[in-house]
Amino acid sequence: MDRRQFNLHALLAGASAGLGLVPGLARASVAPGPGGYPERPLRVVVPYPAGGVVDVVLRAVCDPLSNALPQRIVVDNRPGADGRIGINAVSKAAADGYTLLAASPILTTAEHLMPDSQLRSRDFVGICGIAAAPTVFVVHDTVPARTLKEFVALAGARPGEFNAANPGTGSSIHLAQELLFERTGIRLTNVSYKGQPPALLDLGSGLLQFALISQSLVLPLIQAGKVRALAVNAAARTRSLPEVPTIAQAGYPDLLVQSWYGIGAPAKTPAPVVEWLNQQFQRALAMPEVRARLAATDAEIMALDAARFTELIAEETRRWGALIHKRGIRL
């Protein structure tokens with residue numbers, strides 16, 4: 001585990017320690033925030049399709065929280081351009097706390113993928129780090145590999161012959177795959193999709209032979225025997241796939257990548273509003289209903305406060321920038 005991964009795990013562990021101390025929420029139980037905020041509904045932009053893991057994690061928290069706040073939360077899915085359409089929409093919104101972003105690692109990569117773009121991760125502030133969800137390296141059942149090392153050897157002997165799903169250039173899943181390719185020297189053919197759900201059909205049919213994909217989405221294909229799980233990209237084995245080794249146990253301890261999700265806002269959002277929002281999301285993350293919905297995805301609850309989540313975004317921006325430039329990745 002390198003320093004960045006250690007820092008991330010320290011953040012997760014430290015932030016999760018006090019979750020059980022926060023009482024649950026009842027319907028319309030939260031008093032208004034600073035200056036009577038919010039006086040109208042809040043909009044959370046999800047830059048990926050409905051049904052994807054970002055959307056699922058976000059709604060697991062926002063749906064129950066919406067019932068407790070003085071105003072409801074509207075989830076607005078805006079997929080396209082590998083997540084940058086939704087991110088751009090939030091960056092141009094007023095910094096008043098009414099337009100929020102479902103933040104994921106794609107937020108940290110736009111400035112490296114598009115040097116001429118005006119998008120910068122520093123133009124956003126973290127509100128709350130919600131969860132980190134496990135991903136799984138899988139192959140179609142027709143691929144004669146039972147372990148990740150066996151697949152690496154097979155792909156090394158047949159460069160370019162296997163298709164790999166790319167659910168979004170610059171996403172944590174895409175970059176985790178690129179990290180594997182960089183460390184092992186294998187070469188696969190990237191097939192681009194607008195998010196993970198559209199890739200699942202081709203993965204199940206065998207048009208894709210390899211993928212790193214969110215465990216909660218690919219689990220039905222694994223259980224149906226259409227794809228084979230080789231390793232989970234997580235620090236520990238997961239509840240749903242206890243027999244599948246972690247990336248470290250599969251022989252690649254330096255390839256651990258966390259797919260994290262949270263709430264962000266334009267950087268100039270007033271600090272009292274940021275703090276009030278963080279308090280509400282922290283309370284929501286202590287609700288049994290929310291914890292159960294996140295547990296169903298095997299997600300690890302983060303519950304990072306605004307400062308810690310903003311720090312994580314900055315750290316990931318530096319980490320992925322180095323890999324993107326080394327690999328020459330462009331849109």
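Under 3.5 Å, the side chains of Thr135 and Ser214 contain no donor-acceptor pair of N or O atoms. Side chains of Asp123 and Gln118: a donor-acceptor N/O pair is absent below 3.5 angstrom, by distance only. A donor atom on one side chain and an acceptor atom on the other are found under 3.5 Å apart for Thr317 and Ser121. Judged by distance alone, the side chains of Gln215 and Thr238 do bring a donor and an acceptor atom under 3.5 Å apart.
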I'd like a table of donor-acceptor pairs (distance under 3.5 Å, sequence neighbours excluded) in which one partner is a side-chain atom from residues 34-51, with atom names and distances.
unit_1: Tyr37; atom_1: OH; unit_2: Gly97; atom_2: O; d: 2.5
unit_1: Arg40; atom_1: NH2; unit_2: Asp96; atom_2: OD2; d: 3.2
unit_1: Arg43; atom_1: NH1; unit_2: Asp76; atom_2: OD2; d: 3.0

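At a threshold of 4.5 Å between non-hydrogen side-chain atoms, the residues Cys128 and Phe309 do not count as touching. In this structure, Asn233 and Leu256 have side chains that are in contact, with non-hydrogen atoms separated by less than 4.5 Å. The shortest side-chain heavy-atom distance between Leu230 and Val138 does not fall under the 4.5 Å cut-off.
A salt bridge does not link Arg308 with Glu311: none of the charged nitrogens is closer than 4.0 Å to a carboxylate oxygen.
Cluster annotation: Tyr261 is connected to Val125 through the hydrophobic network of ILVMFWY side chains, with a link wherever side-chain heavy atoms come within less than 4.5 Å.
When the side-chain contact (heavy atoms from CB on, under 4.5 Å) test is applied to Lys149, the partners found at least two apart in sequence or on another chain are Thr147, Tyr252. Listed by chain and residue number, Ala165, Tyr193, Leu208 satisfy the side-chain contact (heavy atoms from CB on, under 4.5 Å) test with Ala199 (two or more places apart in sequence, or in another chain).
Evaluated for a salt bridge (charged side-chain N to carboxylate O under 4.0 Å, His left out) with Glu178, the options Arg187, Arg327, Lys326 yield exactly one hit, Arg327. Just one residue in the list Leu201, Ile213, Leu203 forms a side chain to side chain contact (heavy atoms under 4.5 Å, CB included) with Leu221, and that residue is Leu203.
Side-chain N or O atoms of Ser66 include none that pairs as donor or acceptor with a backbone N or O of Asp63 at under 3.5 Å.
The distance between the ring centers of Phe162 and Phe151 falls below 6.0 angstrom.
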